[in-house]
*Asks:* 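Pasting a structure here, questions to come.
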Amino acid sequence: MRSLISIADLTNDEIEEIFTLADDADKLRADKVGAGQIMATLFYEPSTRTRLSFESAMQRLGGSVISCSDMKASSTAKGETVADTAKVVSSYADVLVVRHNWDGAVQAMAEHADVAVINAGDGGHEHPTQTLCDLYTLRKEKGELKGLTVVVCGDLKNGRTIHSLVCALARFGANVVTLAANGMELPQYVIERLEREYDYAFAPVPSGDLNAVVTETDALYLTPKQPHQLALYTQVDKVIQSQLSSMSTGLRYDALYMTRKQKERMKEGAASACYPTIGPEFLQEKRFQDTVVMHPLPRVDELSPELDKDRRGIYFKQAAYGVPVRMALLEFLRRSNRAPRPVAVKGRRSYRSPEPIGPKCHNVNCITVNEAVSTERRFRVYFADHIGALILGCDYCDHRFKVDYVGNVKTKRYSSFDNALTDTIREWWDKGELALFDSIKEAEELGYEPTQSSAQRILMSEAEIDNALAKMSQQILRDCRDPDRLLILGVRSVGSQLAQRIGSALEAQRKRRPELGEIEIYGSGDELRRVGPADPDLGPLSLKDREVVLVDDVIFTGRTVKSALSIIFRSGRPRSVRLAVLVDRGHREVPVKPNYVGKNIPSSESERVRVRLRGEDREASDHVVIYSIINPAASAPAAANSSRERAANH
Ligand code: CP
């Protein structure tokens, strides 16, 4: 059954086919191609455009519509799951159009429905039919999509229309400039998708070029990978500015896509943060004379009504295209499901835990977290060699997170993930033997035992770690131009704990605590966040003009730091970024040099250096250890014996 859950479900040719049908909407109406069809609209969140344009579209096609006027007045209020609702309503209708407040909920409903399901917006995840309207509008206004430069502005983090749109623009070969409101940058999973699937790269654009339009933003330019690469320097400002200033010169902005602050998806502090607006200045700027202004609507106060009468303000036309485009989509799906044609299979198979306990999606708004019974725990697996991590991507909401522990269901052994195990892990996965865990506790609850490693040698004791952190704190303060602008930013999780200790040492010296934050390389939305007592009045963490000290536990290849720097540069314009690490292993693949080092421990690729802190994984004291890993596959027979012995002893 063909549904539309993500914009990725349609090929470019299919999107073109839908647009051709939309161009012929009058004919579809005259031919009453939808006669006898029933469409059910299930909107768990408010809507004007999407719901009414879908209902209008089906009626113009000659079909009819059934609907729940308010899902709170449906059996959802009695606790009916989305799975059951989808199953039941699909026996009353030929197509379901669903909007839901949870990310991935429409995917879950499609898995339980017997008819086509269309995603009319799921939480902060995707809104593919809005993207069809946006692309259709752009094509009508500008001709080809390839080569256009589109500025997307505002709440790029929570705006589901943006997540679908930027991927579609990338697929059609457009350039994207992101102008995120502070703290509302594009989520990491969207960026990774752009980088991995479409070979796009980010580069900052001097925001002066767009200052006339918006305030309180920094610009980034997303483009096919050449010629602009994200620069990686620990002192960013001068280098990046000089390298990229030429980029904005001559940039033609074809469209500016403004979005509303999605207050309904924000915590209180963030909801009151300042937000860019498009006002009358825009009308006067000569360089924007051919830039059309788009908005998925509704608008609140980010888009001045003064633009309504200007030829460039095309957002009402964009909303009006909702009817022909949705007529075309309904007809496209009807034809596809009447004469099923092969659907492009998404290349990747999913990981399902063979154990009753296993990784959970970290996105608190994901359907798998809010209504697990309607879903299965399924993940795409990414071996992120560039940062030496194993990453899972939720099949429902696309959010990504790192998994730390891997095990084998047969041998009942587990170990920390290590790049050296990649081939072994692939083999286990092929055989259905791979068990992944979020924590040691999970593995041990299932009776798994640790994999053998060589004897561990302690290279730094608790006292040495204390001394090293105290010394680094003094150096940081010495080099700091304005201590009030200092931001100590730890890489989660050990780096973040070390950053807090450095923060305490700085507080002891200055009698004032510096601002502390942490950075999540593979997070579920909030890559940057404050550390410390939650104060909703503080708003999102700002990097603008800050003297950032990035703290990590160990530097080896430099890839983790590279990823952290990429998040930092994407999220704001710090005055400087310096790097502090407790251990420098001496090898480097990327040109990053730490400014502050606790101890140099030259070591080889076959060795592991771990910083273990008190309280973590039941550690009794702080220490740094070195050891070699023994491939768990090699220790399998012993492990199997040991688990048999355990069983016999019970
Ligand atoms: N653009 C859009 O989704 O509008 P509604 O919320 O009114 O459907």
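Just so you know, residue 1 is the first one in the sequence shown, and it goes up from there. Since this is a predicted model, take the numbers as computed values, not measurements. Both ligands and their constituent atoms are indexed starting at 1 by order of listing. Below, each value reflects all heavy atoms present in this structure, side chains not excepted, and no hydrogens, waters or symmetry copies.
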*Asks:* Passes salt bridge (Lys or Arg N to Asp or Glu O under 4.0 Å), Asp290 versus Lys142? Steps please.
*Replies:* CA-CA 10 Å; Asp290 292 320; Lys142 299 282 178 187; 5.9 Å; no
*Asks:* Applying side-chain hydrogen bond (donor to acceptor under 3.5 Å, both in side chains) between Tyr396 and each of Glu376, Glu111, His125, Gln107, report the one that passes.
*Replies:*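 It is Glu111; the other options fail the test.
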*Asks:* Hey, which residues fall under 4.0 Å of ligand 1 on heavy atoms?
*Replies:*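 Residue list for ligand 1: Ser47, Thr48, Arg49, Thr50, Arg99, His127, Gln130, Pro296, Leu297.
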*Asks:* Does NZ or CZ of Arg99 fall inside the cone over Phe43's six-membered ring, less than 6.0 Å from its centre and within 45° of the axis?
*Replies:*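 Negative - Arg99 is either too far from the ring of Phe43 or too far off its axis.
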*Asks:* Could you tell me how the ring of His100 sits relative to the ring of Tyr44: parallel (under 30°), tilted (30 to 60°) or perpendicular (over 60°)?
*Replies:*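 Correct class here is tilted.
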*Asks:* Could you check Arg49, Gln318, Arg160 and say which one makes a side chain to side chain contact (heavy atoms under 4.5 Å, CB included) with Gln130?
*Replies:*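 Of Arg49, Gln318, Arg160, side chain to side chain contact (heavy atoms under 4.5 Å, CB included) with Gln130 is met by Gln318 alone.
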*Asks:* Do the rings of His163 and Tyr189 sit parallel, tilted or perpendicular, given the 30° and 60° boundaries?
*Replies:*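 Aromatic pair His163/Tyr189 classed perpendicular.
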